[in-house]
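Just so it is clear, the structure is predicted and the values come from calculations on it, not from any experiment.
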Amino acid sequence: MKKRWLQKVTGVTLAAVFVFSSMAMPAQAGFNHRWGKMPSFLKEENSLTRTNVQTIKDMVTGLAETNFDDIQIEDYYSVFNVDSQETFFLYPVSCDGVVRYTANVSEDGTVSVTSNVDALEAITDQQEPEALLYVDDGVYYAASEDNTTALYEEGFVIENDVYSFEDKTYDEKLDTMTENEANFESYDNLLLTTDRATYTRSDVNMTGLWDWLEPQDTSYRAGQTVTKKCGITNFLLQGNYGLCWACTVGTITNFMTGRNLTGKNVADMMGIGYDDGATMQEMRTALSRYGLSFNIYNNKLPFSQIKNNVNADKPFGICMQASNAGHAITGYGYSYNTGNTSSYASTNLVYAWDSNGYQISFAQNARNINTSGYRFSWYGSLY
């Protein structure tokens, strides 16, 4: 990240492969897996619980603009984050045969779903045998004994980067992963050798790998799912700059006032550099200069307040931080099940816009928001 990341909500710059000029939300992405030609990455064994699987299904259903007949969770990839020294798991989520979402699952079972499938597509294109998959300073790499290949750049620039695989050999990389209690072995096509987790919209059908998992309390499914979103159509993209905070302000302002601001417009108005980031107070000041009254809440926003905001067509700001990175996104929707009305229910979902160009969904009570290989903590809100 840029300097002053602890004081500033610093933007996550998008990979240089795409420099966005359009301010409209991109069309729903997706790609087809080439079954039988999947890369053979070493990975740590991981199994989703029935609750995890149901949560992913609920998140996808809420994010999707289309009512899919078939939702499948495919074989996962195990990724070691060098910067945080943690392992996370990427599950491709197929909708009607096309991978349209990524389920990002941490080792503690925290789940987030994103419409960004670019990293998955880059990983699928890799054909190195017995390769390690890791993220170092925001870049995905595949490392075999013969070669290390950069696959995809998330765009994170880490301030005070302590750990790095840059000068390590293949064996040293594997030893480092093992030292951090990760057990990387060949679990090739773990799900594909059984049956994939398969859903239909009208029924939950667990097969194969999921049959032996302990049943969870599913009584909440007797209720109805309620989903509400602000009707935002002008979602701002930050491009190759640290303008996440400005795009959050601009997205909210454009929706509520009918303006046509860009992230750069907001930063210029505030006199803040495009890569300097902003505090929550500066974001609040920017909103007030556009005639909008927002409050600061120094924690994740309670679900009752999220519903109040969305019901009033008032998007809200979400400020997050990891140990070496900060980010701001725009909350614009929620979902809950009427069979479980607790304020802390795991079925209380939040829908948000990431100005890197994708939608994300996560449980309001989740300890972390998993995205781009990082476990962000939601530390502050503008509502």
Side-chain angles (χ1 to χ4, degrees), residues 4 7-12 20 22-25 227-239 241-321 326-335 348-362 364 369 376 378-383:
R4 297 194 300 151
Q7 291 77 34
K8 297 287 187 176
V9 180
T10 308
V12 181
F20 292 99
S22 170
M23 292 297 123
M25 185 159 63
T227 300
K228 172 76 173 178
K229 298 178 184 177
C230 298
I232 303 175
T233 57
N234 187 10
F235 289 86
L236 298 188
L237 296 161
Q238 67 189 71
Y241 300 97
L243 289 169
C244 60
W245 70 273
C247 288
T248 296
V249 170
T251 296
I252 293 171
T253 301
N254 289 345
F255 176 68
M256 295 187 67
T257 69
R259 293 174 183 261
N260 193 28
L261 300 170
T262 67
K264 288 183 178 180
N265 292 154
V266 176
D268 290 342
M269 183 272 296
M270 290 293 294
I272 296 175
Y274 296 164
D275 288 317
D276 289 343
T279 64
M280 282 197 296
Q281 182 58 56
E282 287 169 327
M283 292 174 68
R284 182 188 184 190
T285 298
L287 287 163
S288 68
R289 290 182 181 179
Y290 292 121
L292 299 175
S293 177
F294 273 73
N295 298 313
I296 289 177
Y297 188 78
N298 291 310
N299 207 326
K300 62 176 63 176
L301 204 57
F303 195 65
S304 58
Q305 186 61 56
I306 290 172
K307 291 197 292 184
N308 288 342
N309 269 60
V310 175
N311 290 344
D313 269 342
K314 186 179 184 181
F316 52 96
I318 296 172
C319 299
M320 312 181 297
Q321 64 184 16
H327 200 27
I329 57 179
T330 306
Y332 69 91
Y334 66 82
S335 177
N348 294 341
L349 305 180
V350 179
Y351 303 115
W353 168 253
D354 187 317
S355 55
N356 279 323
Y358 50 89
Q359 296 167 299
I360 186 171
S361 178
F362 47 90
Q364 184 275 341
I369 299 173
F376 286 106
W378 180 354
Y379 73 88
S381 310
L382 291 157
Y383 71 99

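- In this structure, Cys230 and Pro315 approach most closely via the heavy-atom pair SG-N, 4.0 Å.
- Pairing each heavy atom of Ile252 with each of Thr330, the nearest pair is CG1-CG2, 4.0 Å.
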Test side-chain contact (heavy atoms from CB on, under 4.5 Å) on Val350 and Phe316 and set out the steps. CA-CA 11 Å; Val350 179; Phe316 52 96; 4.1 Å; yes
*asked:* Working note: Ser355 + Leu237, criterion side-chain contact (heavy atoms from CB on, under 4.5 Å); need CA distance, chi angles, decisive distance, verdict.
replied: CA-CA 5 Å; Ser355 55; Leu237 296 161; 5.7 Å; no
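- Atoms OG and CD1, on Ser335 and Ile306 in that order, are 12.0 Å from each other to the nearest 0.5 Å.
- Here the side chains of Phe362 and Tyr351 are not in contact, with every heavy-atom distance at 4.5 Å or above.
- Judged by the 6.0 Å distance and 45° axis criteria, Lys300 is not positioned over the aromatic ring of Tyr379.
- In this structure, Asn309 contributes its side chain and Lys314 its backbone to a donor-acceptor pair below 3.5 Å.
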- Message: With side-chain contact (heavy atoms from CB on, under 4.5 Å) as the criterion, how do Asn356 and Tyr358 come out once you've worked through the C-alpha distance, each side chain's angles and the decisive distance to 0.1 Å?
- Response: CA-CA 6 Å; Asn356 279 323; Tyr358 50 89; 3.7 Å; yes
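- In terms of heavy-atom proximity, Ala278 sits nearest to Ile272 at CB-CD1, 4.1 Å.
- Within the 4.5 Å cutoff, the side chain of Phe294 has heavy atoms near those of the Leu292 side chain.
- Taking the side chain as every heavy atom from C-beta outward, Thr253 and Leu287 approach each other to under 4.5 Å.
- Under the 3.5 Å distance criterion, the side-chain polar atoms of Thr262 are left unmatched by any main-chain donor or acceptor of Leu236.
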**OP:** Give the intermediate values and the outcome of side-chain contact (heavy atoms from CB on, under 4.5 Å) for residues Thr251 and Asn234.
**Re:** CA-CA 7 Å; Thr251 296; Asn234 187 10; over 6 Å; no
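- Taken to the nearest 0.5 Å, the OH atom of Tyr241 stands 13.0 Å off from the CG atom of Asp276.
- Here Tyr334 contributes atom OH and Asn348 contributes atom CG; the two are 10.5 Å apart, rounded to the nearest 0.5 Å.
- With contacts defined as side-chain heavy-atom distances shorter than 4.5 Å, the pair Tyr290/Met269 qualifies.
- Less than 6.0 angstrom separates the ring centroid of Phe235 from the ring centroid of Trp353.
- Here the side chain of Trp245 pairs no donor or acceptor atom with the backbone of Cys247 at under 3.5 angstrom.
- The CZ atom of Arg259 lies 10.0 Å from the CG atom of Asn265; values are rounded to the nearest 0.5 Å.
- Using cut-offs of 30° and 60° on the angle between ring planes, the pair His327 and Phe376 is tilted.
- Nearest heavy atoms, Ile329 versus Ala352: CD1-CB, 3.8 Å.
- The heavy-atom pair separating Leu243 from Ala267 by the smallest distance is CD2-CB, 3.8 Å.
- The shortest non-hydrogen separation linking Met283 to Val249 is O-CG2, 3.9 Å.
- Side-chain contact check for Phe255 versus Thr233: every heavy-atom pair is 4.5 Å or farther apart.
- A distance of 10.5 Å separates CG of Leu382 from CD1 of Ile318, quoted to the nearest 0.5 Å.
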Please determine whether side-chain hydrogen bond (donor to acceptor under 3.5 Å, both in side chains) holds for the pair Tyr332 and Asp313, giving the CA-CA distance in whole Å, both sets of side-chain angles, and the decisive distance to 0.1 Å. CA-CA 8 Å; Tyr332 69 91; Asp313 269 342; over 6 Å; no
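- In terms of modelled atom types and a separation under 3.5 Å, the side chain of Asn311 and the main chain of Lys307 share a donor-acceptor contact.
- Although no hydrogens or angles enter the test, the distance criterion places a donor-acceptor pair under 3.5 Å between the side chain of Asn254 and the main chain of Gly250.
- Note: Ser381 OG to Ile296 CD1 = 10.0 Å, rounded to the nearest 0.5 Å.
- Side chain of Gln364 to main chain of Leu301: a donor-acceptor pair is present (N/O by atom type, distance under 3.5 Å, no hydrogens or angles).
- Within the 3.5 Å criterion, the main-chain N or O of Pro302 finds no donor-acceptor partner in the side chain of Gln305.
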